[in-house]
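As structure tokens, the structure follows; a few thoughts come after it.
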Amino acid sequence: MRSSRGWTRSPDVPALTRALAELVGDRQVLADPQLKAGYEVDWTRRFRGEAALVVRPGTPDEVVEVLRRCAQAGAPVVPQGGNTGLVGGAVPLGGEVLLSLARLTEIEEVDTTAGHVVAGAGVTLAALHAAAREHGLAFGVDLAAREQATVGGLIATNAGGPRVLRHGSMAAQLVGLEAVLADGAVLRRMGAVEKDQAGYDLPRLLCGSEGTLAVITRARLRLIAAPKRRAAALVAFDAVEQAVAAAARWRRELPGVEALDVVFDNGLARVCAQRRLARPFEAPHPLYVLVEIAAQDDELLALAAAIDGTAGVRDATIAEDTAGRERLWLLREGVPEALGAAGIVHKLDVALPPAALADFAARVPECVRALAPDAEAFLLGHLAEGNLHVNVLGLNPGDERVDEAVLALVAELGGSIGAEHGIGQAKARFLALTRSPEDVATMHAVKHALDPDWRLNPGKLLGPPPDDAPA
Ligand SMILES: Cc1cc2nc3c(=O)[nH]c(=O)nc-3n(C[C@H](O)[C@H](O)[C@H](O)COP(=O)(O)OP(=O)(O)OC[C@H]3O[C@@H](n4cnc5c(N)ncnc54)[C@H](O)[C@@H]3O)c2cc1C
């Protein structure tokens with residue numbers, strides 16, 4: 001019998017613990033509840049579950065052997081990188097082996113000829129940026145969790161962030177990868193060739209698969225030229241329509257535009273209160289767009305002129321030095337932490353067509369108030385892609401009524417319920433809202449082909465296996 005979590009039998013945990021300890025060393029297999037605890041709860045503290053054990057291999061070869069032993073024992077496996085995911089994808093539901101990839105921290109090569117970096121799955125985004133910088137290059141993806149988020153997790157979620165508008169998400173940086181299937185078989189496409197259309201694009205299939213198809217061990221990623229100058233501006237608006245129109249105009253007029261993020265006033269107010277920062281403008285405004293340009297020439301004057309000539313701008317502040325830009329970014333990037341300090345947040349990462357953004361932003365607070373009068377919605381995100389993070393404070397962790405209503409609204413307005421954070425366990429049961437039955441059935445077929453026993457990250461993304469799945 002399949003369990004609702006997706007696996008068929010309970011593994012012999014003491015025997016598996018001994019077998020894995022022989023393989024990776026006693027210190028890298030954690031069975032003590034106190035030592036496991038940090039791996040069993042997610043960044044939001046909304047999702048937690050007990051792992052049978054935590055195993056921390058130190059090399060890709062050890063990952064292969066760990067997966068073989070887990071397969072022999074019939075043990076389900078949850079891959080985990082930096083554990084900064086926001087949909088409960090990297091924490092167990094209960095009883096799985098937690099496979100931490102955090103020790104695969106080797107940066108094997110920065111290939112300046114090809115413009116690539118070869119990095120282990122556990123390399124953090126910050127370390128990747130530093131390695132690129134040492135060679136006068138840069139990496140196209142950046143996000144606030146850069147100190148903890150890992151290459152494996154970033155690929156597994158197809159992470160985005162503010163710079164997607166210019167450089168694309170992780171899929172666009174991916175040249176090749178190495179990954180291990182549930183039975184220990186290794187898929188390796190690590191060649192330094194930019195054009196390789198020989199057959200299905202398996203690296204991109206794994207990109208965004210959230211640990212449900214294979215465990216990523218290494219990747220070859222594209223690097224970009226490092227910009228010589230950066231400047232950022234925080235620009236205040238009264239209405240979402242005006243901000244959307246301004247963002248579209250700046251994209252057309254400013255070739256160096258690299259980020260167009262948005263934060264609404266209640267979120268910005270929380271950051272200022274939590275960090276004891278002065279508010280950026282004398283008067284509050286309903287929403288603010290953070291625009292950043294990164295260029296080889298001095299585009300500051302062009303940025304100032306573009307902002308000056310834009311309808312609906314109520315106020316603006318520009319920074320071109322690093323400290324000034326960091327102060328502006330803190331007002332946007334500090335929101336998740338400020339909200340997390342106030343309680344457990346329901347996080348709904350969604351995307352809307354540009355024309356529907358204003359309607360959505362107006363209806364979300366009503367929708368939340370109608371179901372949970374004491375709760376409050378905070379909106380922020382990446383305006384250029386219509387990607388809003390709806391953060392709701394004041395709900396019980398298990399109360400999904402608001403999640404369901406907001407996601408249904410996204411579907412009604414023609415959006416996506418998963419923009420860049422993935423589906424994980426938070427949204428698995430809502431997947432069919434914006435994916436057709438044929439689409440979901442094809443995903444199930446891929447899952448059966450690569451992981452026939454549904455042992456990799458069971459219950460995440462696709463939810464539990466259907467009853468008629470081959471066991
Ligand atoms: C403050 C903050 C800001 C954030 N901002 C952004 C943002 O702007 N854009 C964005 O896209 N995300 C953002 N995130 C979300 C998060 O940082 C990303 O999802 C990131 O890619 C997760 O990386 P990780 O190493 O922490 O992965 P984890 O949280 O450890 O795992 C995430 C998923 O990937 C799987 N996984 C992890 N490693 C592997 C592997 N080696 N092989 C196979 N599967 C694996 C896990 O099973 C899980 O399903 C933010 C998070 C925080 C806390």
Side-chain angles (χ1 to χ4, degrees), residues 38-39 41-45 47 57 60 63 67 76-93 96 98-105 119-128 141-164 169-171 177-182 187 206-219 259 261 271 329-330 332-340 345 347 349 351 380-382 385 387-389 391 418-426 428 451 456-461:
Y39 297 84
V41 59
D42 80 323
W43 192 89
T44 68
R45 308 186 309 282
F47 300 102
V63 174
L67 284 165
V77 174
V78 178
Q80 187 182 92
N83 200 11
T84 67
L86 299 174
V87 289
V91 291
L93 298 178
E96 303 95 313
L98 190 302
L99 170 55
S100 168
L101 286 309
R103 289 180 63 227
L104 303 189
T105 53
V123 170
T124 64
L125 182 55
L128 201 63
V141 166
D142 191 27
L143 45 84
R146 58 187 73 81
E147 298 293 338
Q148 292 88 34
T150 61
V151 163
L154 292 159
I155 296 171
T157 56
N158 190 15
R163 297 183 184 169
V164 166
S169 58
M170 278 304 285
L177 60 67
E178 180 185 271
V180 190
L181 298 180
L187 296 177
L206 298 185
C207 193
S209 64
E210 300 186 49
T212 63
L213 297 180
V215 176
I216 296 155
T217 45
R218 299 159 69 220
D261 268 27
V271 182
W329 273 104
L330 185 59
R332 153 69 183 86
E333 290 191 335
V335 178
E337 204 180 307
L339 297 180
V345 180
K347 290 183 172 287
D349 157 53
L380 61 146
H382 313 298
E385 294 84 40
N387 177 191
L388 287 182
H389 303 318
N391 286 248
E420 60 172 14
H421 292 167
I423 298 296
Q425 55 176 299
D451 178 20
L456 283 184
N457 221 357
K460 316 290 172 51
L461 204 170

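In listed order, ligands and their atoms are each counted from 1.
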By ring pair (Phe, Tyr, Trp, His ring centres under 6.0 Å), H389 pairs with (sequence neighbours left out) H382, H421
Okay, side chain of E210, backbone of G424: is any donor-acceptor separation there less than 3.5 Å? yes
D349 side-chain N/O to A419 backbone N/O, donor-acceptor pair under 3.5 Å: yes
Just wondering, do L154 and L143 contact through their side chains at under 4.5 Å, heavy atoms? yes
When every non-hydrogen atom of V78 is compared with those of P92, the smallest separation belongs to CG2-CA, 4.1 Å
Neighbouring residues of ligand 1, heavy-atom cut-off under 4.0 Å: W43, P79, Q80, G81, G82, N83, T84, G85, L86, G89, A90, L101, A121, L143, A144, A145, A149, T150, G152, G153, L154, A156, T157, A159, G160, G161, E210, G211, A214, V215, I216, H382, E420, H421, N457
Are any of the side-chain heavy atoms of L101 and P79 separated by less than 4.5 Å? yes
